[in-house]
Amino acid sequence: MTLLLNGEKVQGKGLKVMATLTIESEDLSGQTSNTAQAHKGFKPKTLSVTLMIPYRDESDLRNLMRLASSTAGGGQLTVYRIVNRTASAFGVREVQFRDNVNANEDDSLRAWRVQFNLIEKLSIPERVEQRSPSNPVVQQSAPGQPVSGTSGSDGGSAPVEMDGFEKVLKSVDDWLKPVTP
């Protein structure tokens, strides 16, 4: 099997690529035995890669580490165009390195067992989400008429009927009002 990242072949023996699609959902059953689920979307696909690099091909491991630690402008991880049968079958076109790159020594085989993950970048669901128009925010209002200030000479609007308690409060308010010279 072959794995190319931006046209550069990842060297190693026994290359295996495992693809994973995570479908996010939430259980809606509460405390019952209902099987209702809420679909929350598709997460980016992940490719788990394992291979062996013989000790004599140390430069191949060094080259893989260079690819994994490569950054683009602004310090962001490099996005690679991928060529691989499994990636193609899953519809993965662009990837980035994710999480860890592990290289464990295997003395009996005199080689490194290398494992790393690649995550899909700009997946099809992500592109669809970016292209879909955003829903505009609709201003909500309660039924009835808006309140528009107080009655009398200050508000300039139509007088509002006051009940007995409000009349008492108004008279106390007028009495406490400071006298202006």
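Just so you know, these numbers use all the heavy atoms, side chains as well, and skip hydrogens, waters and symmetry mates.
By the rule that hydrophobic residues join a cluster once side-chain heavy atoms approach within less than 4.5 Å of another member, L51 and V92 end up as members of one cluster. In the hydrophobic clustering of this structure, Y55 groups with L15; members are Ile, Leu, Val, Met, Phe, Trp, Tyr whose side-chain heavy atoms approach within less than 4.5 Å, directly or through other members. No continuous path of ILVMFWY side-chain contacts below 4.5 Å connects V10 to V83, so the two sit in separate hydrophobic clusters. In the hydrophobic clustering of ILVMFWY residues, with side-chain heavy atoms under 4.5 Å counting as a link, L47 and V101 come out together. V95 and V17 fall within the same hydrophobic cluster, defined by Ile, Leu, Val, Met, Phe, Trp and Tyr side-chain heavy atoms under 4.5 Å apart, directly or through other members.
When all heavy atoms are compared, the tightest approach of S108 to D106 is OG-OD1, 2.8 Å. Taking each heavy atom of E120 and G91 in turn, the nearest pair found is OE2-O, 3.8 Å. Nearest heavy-atom pair across N84 and T86 is OD1-N, 2.9 Å. Listed here is the closest heavy atom pair of A68 and L77: O-CD2, 4.2 Å. Here the shortest heavy-atom pairing between A111 and P54 reads CB-CA, 3.7 Å. When all heavy atoms of Q96 and T78 are compared, the pair lying nearest together is CG-O, 3.5 Å.
To the nearest 0.5 Å, atom OG1 of residue T2 and atom CZ of residue R85 are 9.0 Å apart. Summarising the geometry, atom NZ belonging to K43 is positioned 11.5 Å from atom CG belonging to L21; distances are rounded to the nearest 0.5 Å. The line from OG1 of T50 to CE of M18 is 9.0 Å long, rounded to the nearest 0.5 Å. Note: S70 OG to M65 CE = 12.0 Å, rounded to the nearest 0.5 Å. Between the CD atom of E161 and the CD atom of E166 there is a distance of 10.0 Å, given to the nearest 0.5 Å. Here the straight-line distance linking atom OG of S59 with atom CG of L64 works out to 11.5 Å at 0.5 Å rounding.
Side-chain contact between I82 and L5 is present, with heavy atoms from C-beta onward closer than 4.5 Å. In this structure, the side chains of L118 and V49 come closer than 4.5 Å at one or more pairs of heavy atoms.
Under a 3.5 Å cut-off, the side chain of E105 and the backbone N or O of W112 do not form any donor-acceptor pair. Of the possible donor and acceptor atoms, none in the side chain of N117 sits under 3.5 Å from a partner among the backbone N and O of D99.
Taking a cutoff of 4.0 Å between a charged side-chain nitrogen and a carboxylate oxygen, D174 and K170 qualify as a salt bridge.
In this structure, F97 and F116 have tilted ring planes: the angle between them lies in the 30° to 60° band.
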side-chain contact (heavy atoms from CB on, under 4.5 Å) between V114 and M52, intermediate numbers included: CA-CA 6 Å; V114 180; M52 291 185 59; over 6 Å; no
Trace of the side-chain contact (heavy atoms from CB on, under 4.5 Å) decision for D60 with R62: CA-CA 5 Å; D60 293 341; R62 198 174 300 120; over 6 Å; no
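Exactly one residue among Q11, K9, E8 makes a side-chain contact (heavy atoms from CB on, under 4.5 Å) with N63. That residue is E8.
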